[in-house]
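Quick notes on the structure that follows.
Because only heavy atoms are used, hydrogens play no part in the values below, and waters and symmetry mates are left out as well, while side chains stay in. Letters A, B, ... are given to chains in the order of the sequence lines, protein chains preceding strands, and every chain is numbered from 1. Owing to the predicted nature of the structure, the values given are computational and were not obtained by experimental measurement.
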Amino acid sequence: LRAPGASDGAPFPELALRVAETLARLREARDVDVGASAKRPVWRRGKTTLYRYEPLPTSRRAGAGHRPVLICFALVNRPYVLDLQPDRSLVRRLLEAGLTVYLIDWGNPDDADRRVDLAEYIQQHLGGSVRHILAAHGTRGLNLLGVCQGGVLSLCYAALHPLEVANLITLTTPVDFQTPDNLLSKWVQGVDTGLIAASGNVPGEILNALFLALMPVRLTQQKYVRLLTDRPGQQAIEDFVRMEKWIFDSPPQAATALAQFVRWFYQENRLIRGGLEIDGCAVRLADIRQPVLNLFALEDHIVPPAAAGALRHHIGSSDYSECAIATGHIGMYVSRAAREEIPRRIVDWLRAHGGPG
Amino acid sequence: MSAGFEPDAAFTGAAERFFELLKTFGMTGPGKAPDWSAMAAPLAGQFEQWLRLSQSASPWFSAVPAGATWPGAGWPAAGWPGMPAGTASSAGPTSGGAAPGSTSPGAAFAMPPWPFALPLGPAAAQGKDAARTLELLGRLAQLQGELAVHWSEIARTAAQHFVARLGAGATPPTTLDQALKVYELWVSSAEEAYAATVHKTEFGRLQAEIANTSAALLVEQRRHVDSMARAFGLPTRAEVDELYAQLKELRRRTDEPAAAPRTAPGASRSSGEPAARARGAKARGAKRPRAVPRARKRVRARRPRS
């Protein structure tokens with residue numbers, strides 16, 4: 001075994017051996033599976049699929065009349081990070097608590113979807129999913145859990161359709177897109193969104209490059225070096241590879257929707273400043289009067305805590321709770337906090353905000 | 001899963017650069033004293049080259065895999081089949097800057113392959129079309145030159161801070177743990193120097209302008225392709241878009257019953273919705289919806305599909 005770049009006489013020969021061994025094990029683990037819980041498609045619209053997770057045999061029995069939970073993930077990443085593996089699965093923790101869990105997978109927009117806009121995603125895809133679930137359960141309102149960009153879509157939906165969303169949970173969701181520490185926002189302020197829309201769908205690789213460029217040394221160098229030099233166990237290697245698969249598994253973005261998102265939220269900060277309209281209907285955070293739980297990360301370089309915490313100043317709900325977790329953006333999905341604290345807080349909060357559906 | 005994840009490239013690339021760094025640190029082995037003060041210049045040079053390779057054009061258009069035809073440059077800037085001789089050389093300081101055998105973070109996320117196999121681009125374009133494309137290429141090269149100035153600044157600052165933090169009297173690491181701590185110090189110095197520059201308004205403006213120029217170039221190239229398509233009797237982008245729109249409208253009509261508002265027992269529309277809809281309709285100047293045919297009403301009463 002020989003580590004790449006480690007010539008004869010390289011410093012610390014044991015390091016070269018350690019790196020070479022870890023590299024070999026990483027190669028062996030490259031086909032590791034992702035996704036843990038059984039689910040089945042129950043509704044489709046365009047490329048979007050609504051899944052319902054199968055209840056676990058060991059699940060607690062939820063109280064009668066409990067409302068289903070719909071998870072609305074971001075368009076820019078795959079939602080399976082919430083169910084990466086059995087011991088790293090927010091979905092599984094919710095199922096174990098006896099909740100009925102649905103998930104929206106936006107799929108792979110292709111050339112036919114370049115004109116799909118945010119209104120279509122929110123009103124027809126998210127809205128269609130909500131209406132399907134409400135009809136299937138014969139309930140008036142569900143629990144909507146919006147994650148990251150999906151949280152923004154969820155805020156819009158909750159403001160437009162208040163009675164269909166009984167409780168709203170936002171996880172790492174930006175609200176104020178122009179906080180001073182938001183590097184992504186600074187970079188896109190001058191971007192011509194008309195050109196984005198005209199130049200077609202944006203490949204996921206481009207967005208990945210953008211996210212990695214926020215902290216390039218840490219995200220493309222240091223994390224690999226740490227793993228290679230750490231003598232990781234097999235489990236740690238497989239965990240790492242699963243995360244890498246997820247990070248680089250980004251779907252393309254429908255041109256029009258992405259252009260609108262950049263312009264309306266990043267450049268014009270319409271959630272805060274007003275002026276946001278979806279399908280001609282005004283979206284006002286003040287119209288969100290249902291109970292809201294806002295969870296965000298204190299070390300988030302993509303959605304800074306101030307960007308997420310701004311929700312407290314703008315919603316109309318008098319029943320607002322928030323929880324800042326000491327981790328980073330991705331840590332909110334897969335860290336120890338994600339495995340324990342976040343699911344516990346969500347389940348406890350939903351129990352406290354139960355009631356007949 | 002997308003084709004972006006190439007673990008071997010990511011891991012081996014990181015390992016190579018790690019060992020290269022250790023060598024630069026002067027860590028020729030335990031007990032051999034490094035010359036910290038002499039380290040700044042080569043360290044800055046290495047970091048600058050890495051930044052150029054990995055971040056050269058802009059995150060929007062820089063994810064070129066190592067060994068691709070357009071090393072280290074934003075893909076529209078580096079030339080394509082049919083480009084007039086000499087054009088690629090104007091792609092600025094990043095063009096051709098890839099060290100032999102080196103990999104960049106771009107290796108971990110492959111750019112889609114260059115879409116044009118035909119001799120398109122300026123060579124195929126006529127008159128002012130070619131001039132516009134060349135103008136954009138020139139502008140992109142100029143912007144990349146401006147970007148290179150930032151990379152130099154970041155690299156120099158990072159190396160200076162790193163050496164200053166180590167202190168002139170620092171003893172050389174004699175254990176692997178100590179060596180890794182020095183590496184961590186380098187990472188912190190590099191990221192801090194990077195953050196100090198990339199948060200500046202000027203840098204953000206530059207990134208946006210590169211993205212805009214790259215996108216404009218892409219739009220321009222598609223226009224050329226459309227011209228070719230017309231010449232060959234193939235459908236143009238606009239015609240394909242029109243077909244998609246018609247298909248979507250047909251699907252919408254056929255899906256309408258399934259996507260109709262829910263009719264579950266006990267379900268009701270939001271009290272806020274009519275007002276919101278009215279506001280929206282007013283804003284759009286929308287016409288009143290046409291009456292739904294009787295036959296469709298019956299279908300709408302069905303449960304949505306599962």
Look only at the side chain of [X] and the backbone of [Y], and say whether a donor-acceptor pair between them is shorter than 3.5 Å.
{"X": "Arg222(B)", "Y": "Ser199(A)", "result": "yes"}
{"X": "Asn212(B)", "Y": "Gly190(A)", "result": "yes"}
{"X": "Trp50(B)", "Y": "Val217(A)", "result": "no"}

*Report yes if the side chains of Glu184(B) and Arg226(A) come closer than 4.5 Å at any heavy-atom pair, otherwise no.*
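Yes - at least one pair of side-chain heavy atoms lies under 4.5 Å apart.
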*Side-chain contact test, heavy atoms from C-beta onward, threshold under 4.5 Å: evaluate it for Val240(B) versus Asp111(A) and give yes or no.*
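A side-chain contact under 4.5 Å exists here.
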*May I ask you to check whether over 12 heavy atoms, not counting those of Arg263(A), lie within 6.0 Å of atom CZ?*
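No, CZ of Arg263(A) has 12 or fewer neighbouring heavy atoms, counting only those of other groups under 6.0 Å.
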*asked:* Atom CZ of residue position Arg237(B) - does it have more than 12 heavy atoms of other residues, nucleotides or ligands inside 6.0 Å?
replied: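 Enclosed.
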Which bit of [X] comes within less than 4.5 Å of chain B, counting heavy atoms only: side chain, backbone, both or neither?
{"X": "Leu183(A)", "answer": "both"}
{"X": "Arg114(A)", "answer": "side chain"}
{"X": "Val165(A)", "answer": "neither"}
{"X": "Arg18(A)", "answer": "side chain"}
{"X": "Leu214(A)", "answer": "backbone"}
{"X": "Gln123(A)", "answer": "neither"}

*Atom group of Ser188(B) that falls short of 4.5 Å from chain A, counting heavy atoms*: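 Its backbone and side chain both get close to chain A.
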*Side chain from CB out, backbone as N, CA, C, O: work out which of these in Leu180(B) comes under 4.5 Å of a heavy atom of chain A, or both, or neither.*
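Only the side chain of Leu180(B) comes within 4.5 Å of chain A.
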*Closest-packed option against chain B by number of heavy-atom pairs under 4.5 Å, given Met215(A), Lys223(A), Arg40(A), Arg52(A)*: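 Counting heavy-atom pairs under 4.5 Å, the top option is Met215(A).
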*Counting heavy-atom pairs under 4.5 Å to chain B, which of Asp192(A), Val225(A), Leu228(A) comes out on top?*
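Looking at each of Asp192(A), Val225(A), Leu228(A) in turn, Val225(A) comes out on top.
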*Does Asp113(A) pair with Lys248(B) as a salt bridge, N-O distance under 4.0 Å?*
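Looking at Asp113(A) and Lys248(B), the cut-off is not met.
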_Tell me the closest heavy-atom pair linking Leu195(A) and Ala216(B), and the distance in Å._
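Closest heavy-atom pair between Leu195(A) and Ala216(B): CD2-CA, 4.0 Å.
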*Nearest atoms (heavy-atom pairs only) where Tyr224(A) meets Ala14(B)*: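 Smallest interatomic distance, heavy atoms only, reads CB-CB, 3.4 Å.
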Distance check, rounded to the nearest 0.5 Å: [X] atom [atom1] versus [Y] atom [atom2]?
{"X": "Trp187(A)", "Y": "His199(B)", "atom1": "CH2", "atom2": "NE2", "result": "8.5 Å"}
{"X": "Gln207(B)", "Y": "Leu210(A)", "atom1": "CD", "atom2": "CG", "result": "8.0 Å"}
{"X": "Leu26(A)", "Y": "Phe11(B)", "atom1": "CG", "atom2": "CZ", "result": "4.5 Å"}
{"X": "Thr12(B)", "Y": "Arg27(A)", "atom1": "OG1", "atom2": "CZ", "result": "6.5 Å"}
{"X": "Phe19(B)", "Y": "Leu15(A)", "atom1": "CZ", "atom2": "CG", "result": "4.0 Å"}
{"X": "Glu120(A)", "Y": "Arg252(B)", "atom1": "CD", "atom2": "CZ", "result": "10.5 Å"}

*Glu191(B) and Gln222(A): side-chain donor and acceptor closer than 3.5 Å?*
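On atom types as modelled, these side chains do not qualify, holding no pair under 3.5 Å.
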_Among Trp186(B), Tyr183(B), Phe18(B), which residue satisfies the side-chain contact (heavy atoms from CB on, under 4.5 Å) criterion with Gln221(A)?_
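Option passing the side-chain contact (heavy atoms from CB on, under 4.5 Å) with Gln221(A): Tyr183(B).
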_Option that, when pairs with chain A are counted at under 4.5 Å, heavy atom only, ranks first among Asp241(B), Thr201(B), Val219(B)_ =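 The option with the most such pairs is Asp241(B).
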